[in-house]
Protein chains: 2
Amino acid sequence: MTAQLDQVFAALADPTRRRILAMLLEDDMAVTDVADPFEMSLAAISKHLGVLTAAGLISQEKRGRVKWCKLEPDALRGASVWMQGFGQMDAIDLDAFEVFLEHQLK
Amino acid sequence: MTAQLDQVFAALADPTRRRILAMLLEDDMAVTDVADPFEMSLAAISKHLGVLTAAGLISQEKRGRVKWCKLEPDALRGASVWMQGFGQMDAIDLDAFEVFLEHQLK
DNA sequence: CGTATATTCAACCAAATGGTTGACGTTTCG
DNA sequence: CGAAACGTCAACCATTTGGTTGAATATACG
């Protein structure tokens, strides 16, 4: 449980990986296509995808010779709930509430 | 901005540091008292506190010979908002909403 | 003043991280 | 079949991380 949080937060601590997650928010993608906009080797991106998969933040499914990457936003829930616990110190976390509402009403 | 997220998430990725934050949720504490429940050197805890301070998650103020550590929950907001962006894929984030409500009604 | 308390600093160490390159297995396509 | 595309693996490297210990600094106390 705590190890799961370790992995999720550690995965999110890298800007390349956050960018990948944002890309996958748009649509599922093949590994090669994920790597395309980055100025680093395919192997490096493959490793980043491994980290994201280990954290449960994405899943990967191989169809034919291409491996599809898919966002798994549920993995963020544990981390999100943990963080919200600290909101108790705030008078009112208006920003978070606003975002929450927007997303519920959509 | 992205570097700020890097630091916050990296700081949260360590269970010792998360435990420290949870302790500070109760009350402000001196460095020595923070270190007390941990089975590691004071110097190690001091380093962890340095990481948390650099990330903006806590602040430290020296009064006399003791340095007080104080939670700065606002630093979590940027990270929280970033994460909530992925909630748009969720049906409903009930857990988070419940925590939010509890904290507002307190 | 001298000593104890609170905290950091510096040097060191092992392990993890983020990247590279080159070789390798699979699957598809002509 | 042979070649190209997709992706991973293995070895390597530099840097960062999380911990240690021992000395150093600053403040308080008797």
Whether each nucleotide of nucleotides 13-19 of chain D has a protein heavy atom under 4.0 Å at its base (B), only at its sugar-phosphate (S) or at neither (-) is summarised, 5' to 3', as -----SB
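- Atom CD in B:E61 sits roughly 14 Å away from atom P in C:dT8 (whole-Å rounding).
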With B for base contact, S for sugar-phosphate-only contact and - for none (protein heavy atoms under 4.0 Å), nucleotides 23-30 of chain D reads ----BSS-
What side-chain donor-acceptor pairs closer than 3.5 Å can you find for residues 20-30 of chain A, not counting sequence neighbours?
none

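- Scored by the side chain to side chain donor-acceptor pair (under 3.5 Å) test, A:D36 finds no partners at all (sequence neighbours excluded).
- Grouped by direct or indirect side-chain proximity (heavy atoms under 4.5 Å, Ile/Leu/Val/Met/Phe/Trp/Tyr only), B:W68 sits with B:V66.
- Sorted by first and then second residue, the pairs that involve residues 49-72 of chain A and meet salt bridge (charged side-chain N to carboxylate O under 4.0 Å, His left out), not counting sequence neighbours, are A:E61-A:R63.
- Residue A:S46 has no polar side-chain atom (N or O) positioned under 4.0 Å from OP1 or OP2 of D:dG7.
- In this structure, B:A79 and B:V8 approach most closely via the heavy-atom pair CB-CG1, 3.9 Å.
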Which pairs would a plain distance check flag for residues 38-48 of chain B, meaning a side-chain donor or acceptor within less than 3.5 Å of a matching protein atom at least two apart in sequence or in another chain?
residue: B:S41; atom: OG; partner: B:A44; partner atom: N; Å: 3.1
residue: B:H48; atom: ND1; partner: B:R17; partner atom: NH1; Å: 3.2

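- Rounding to whole angstrom units, CG of residue B:L42 and C1' of D:dT20 are separated by 13 Å.
- Through direct or indirect side-chain contacts shorter than 4.5 Å among Ile, Leu, Val, Met, Phe, Trp and Tyr, A:V51 is connected to no other residue.
- Following rounding to the nearest Å, A:D36 (CG) and D:dA5 (P) show an atom-to-atom distance of 14 Å.
- In this view, B:D6 and A:R18 satisfy the salt bridge (Lys or Arg N to Asp or Glu O under 4.0 Å) rule, not counting sequence neighbours.
- In this structure, A:W68 atom CH2 and D:dT8 atom P are separated by 14 Å, rounded to whole Å.
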